[in-house]
2 protein chains.
Amino acid sequence: MKFEEAKQEFIQSWGVLGTQWGINRTMAQIHALLLIAPDALCADDVMEQLQISRGNANMNLRELIDWKLVNKVLKPGERKEFFQAEKDIWKVAMCIVQERKKKEFDPLLKTVTDLKEIEDGGASKESAEFLETMLSIERFALKGDKALTGLVAASDNWFTGTLLKLFK
Amino acid sequence: MKFEEAKQEFIQSWGVLGTQWGINRTMAQIHALLLIAPDALCADDVMEQLQISRGNANMNLRELIDWKLVNKVLKPGERKEFFQAEKDIWKVAMCIVQERKKKEFDPLLKTVTDLKEIEDGGASKESAEFLETMLSIERFALKGDKALTGLVAASDNWFTGTLLKLFK
DNA sequence: TTGAACTTTCAAAATTTACTGAAAGTTATT
DNA sequence: AATAACTTTCAGTAAATTTTGAAAGTTCAA
């Protein structure tokens with residue numbers, strides 16, 4: 001297999017993985033492109049390599065920056081912006097975990113907690129089962145919350161070499 | 001808040017969570033409906049409560065059964081099928097983890113492993129960086145694979161009360 | 001073997017989501 | 001202040017996904 005083929009296949013696969021997880025295909029493809037780029041790329045590089053419009057490239061690059069998966073790099077003497085991906089896959093995973101927890105998991109936990117406050121507090125068979133479900137989701141979510149928070153904290157500490165702080 | 005409102009909001013929220021994770025909104029809503037149902041529901045119940053067509057209900061119920069999140073129940077004396085969700089949230093989570101690992105994570109690992117076999121084995125700066133990326137994704141994925149497999153095995157053993165088997 | 005009760009399939013329609021490209025906005029340079 | 005280099009926005013369009021509903025398929029009882 002030639003390098004170019006492999007590159008295209010990786011970008012393709014990363015894009016498919018993205019869509020399967022509710023992430024815009026193009027955003028995932030740009031991420032793939034930057035992950036394997038030895039040097040930071042500019043918007044035109046991304047547009048050309050993925051054959052996408054300026055607007056599309058710009059929007060998805062911003063989104064990747066929001067997720068902290070990509071950094072803006074300014075080269076001395078150059079007007080335009082360059083983009084560089086976080087290359088450490090473990091850090092990438094932690095970014096994604098944190099982001100999704102914040103955007104999707106936390107709101108769900110809040111909703112479920114609120115939904116326990118129904119007027120008829122389990123008087124009917126239906127509302128009793130409902131409360132039961134809300135409670136078990138809440139219990140599970142709280143454990144998950146702690147586990148993820150702990151995981152992210154442990155990783156951060158591992159990276160900064162300050163694992164000891166955890167035991168203070 | 002009235003029970004009916006809370007019920008609708010839960011179904012709604014579970015549906016949104018689904019779409020955010022690349023799962024069909026209706027499939028997630030049916031799942032929500034069954035999670036809070038005290039008794040198994042039939043296709044017509046689902047159609048009526050969610051205001052969806054028979055085809056849609058049928059397809060998404062099959063999909064939920066594929067995922068092992070829902071079981072078909074046959075009531076004596078009744079021709080039609082009833083559907084019942086797995087209620088234990090931990091089991092639900094493990095089902096989803098297993099399913100997604102199998103459908104999305106494993107294929108990616110295979111792809112990435114294959115993509116290391118490029119003709120020019122890192123001769124250019126570009127292909128060297130590419131190989132580096134493939135390797136680090138592979139290393140990460142293998143660890144993730146082990147962690148998830150272990151997690152699922154531990155859960156299964158916890159449920160069947162045979163935790164000891166792990167140490168044989 | 002007929003028909004009633006129910007399930008499955010799938011082409012076409014509806015809906016949702018993503019993309020384009022041109023215009024407006026910004027920033028730096030002369 | 002005018003221009004050049006670049007980025008952002010967003011209305012309109014295109015593409016992908018989801019849904020419908022009617023026809024075909026299945027199963028069982030009489």
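Numbered from 1 within each chain, the chains take letters A, B, ... in sequence-line order.
Using a 4.0 Å heavy-atom distance criterion, B:Q51 is classed as a sugar-phosphate-only contact. Across all strands, A:R62 comes closer than 4.0 Å only to sugar-phosphate atoms, never to a base (heavy-atom distances). A:N24 comes within 4.0 angstrom of the backbone, heavy atoms only, and of no base.
The CG-C1' distance, from A:L74 to C:dA28, rounds to 13 Å in whole Å. B:E81 has its CD atom 11 Å from the P atom of C:dC6, to the nearest Å. Note: CG (A:N56) to P (D:dA11) measures 17 Å, nearest angstrom. With rounding to whole Å, B:I65 atom CD1 is found 8 Å from C:dT8 atom P. The CZ atom of A:R54 sits 8 Å away from the C1' atom of D:dC6 (whole-angstrom rounding). The distance between atom CZ of A:F83 and atom C1' of D:dT8, rounded to the nearest whole Å, is 11 Å. A:I52 places its CD1 atom 21 Å from the P atom of D:dT13, with the value rounded to the nearest Å. Note: CE (A:M59) to C1' (C:dC19) measures 7 Å, nearest angstrom.
When distances are taken from the side chain of B:N60 to each of D:dT19, C:dT20, C:dT7, the shortest belongs to D:dT19. Checking D:dT9, C:dC19, D:dT19 against the side-chain heavy atoms of B:S53 singles out D:dT19 as nearest. Checked against D:dC6, C:dC19, C:dT7, the side chain of B:K80 finds its nearest nucleotide in C:dT7.
No side-chain heavy atom of B:K75 sits under 4.5 Å from any side-chain heavy atom of B:E81. No side-chain heavy atom of B:L34 sits under 4.5 Å from any side-chain heavy atom of B:L69.
A salt bridge links B:K87 to A:E129: one of the charged nitrogens lies within less than 4.0 Å of a carboxylate oxygen. Using a cut-off of 4.0 Å between Lys/Arg side-chain N and Asp/Glu carboxylate O, B:D114 and B:K110 are scored as salt-bridged. Ion pairing between a basic and an acidic side chain is recognised when a charged N comes within 4.0 Å of a carboxylate O; B:K2 and A:D120 show no such pairing.
The residue among A:F82 and A:R25 whose nearest nucleotide of DNA chain D lies closer to the 5′ end is A:F82.
For the pair B:N58 and C:dT7, the criterion of a side-chain N or O lying under 4.0 Å from OP1 or OP2 is not met. Residue A:T26 places at least one side-chain N or O under 4.0 Å from the OP1 or OP2 atom of C:dC19.
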Listing time: all N or O pairs from protein to nucleotides 25-30 of chain D that are below 3.5 Å?
unit_1: D:dT27; atom_1: O2; unit_2: B:R79; atom_2: NH2; d: 2.7

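Checked by atom type and distance alone, the side chain of A:S136 never pairs as donor or acceptor with a backbone atom of B:I89 at under 3.5 Å.
Not counting sequence neighbours, the partners of B:F140 by the ring-ring contact (aromatic ring centres under 6.0 Å, His included) test are A:W90.
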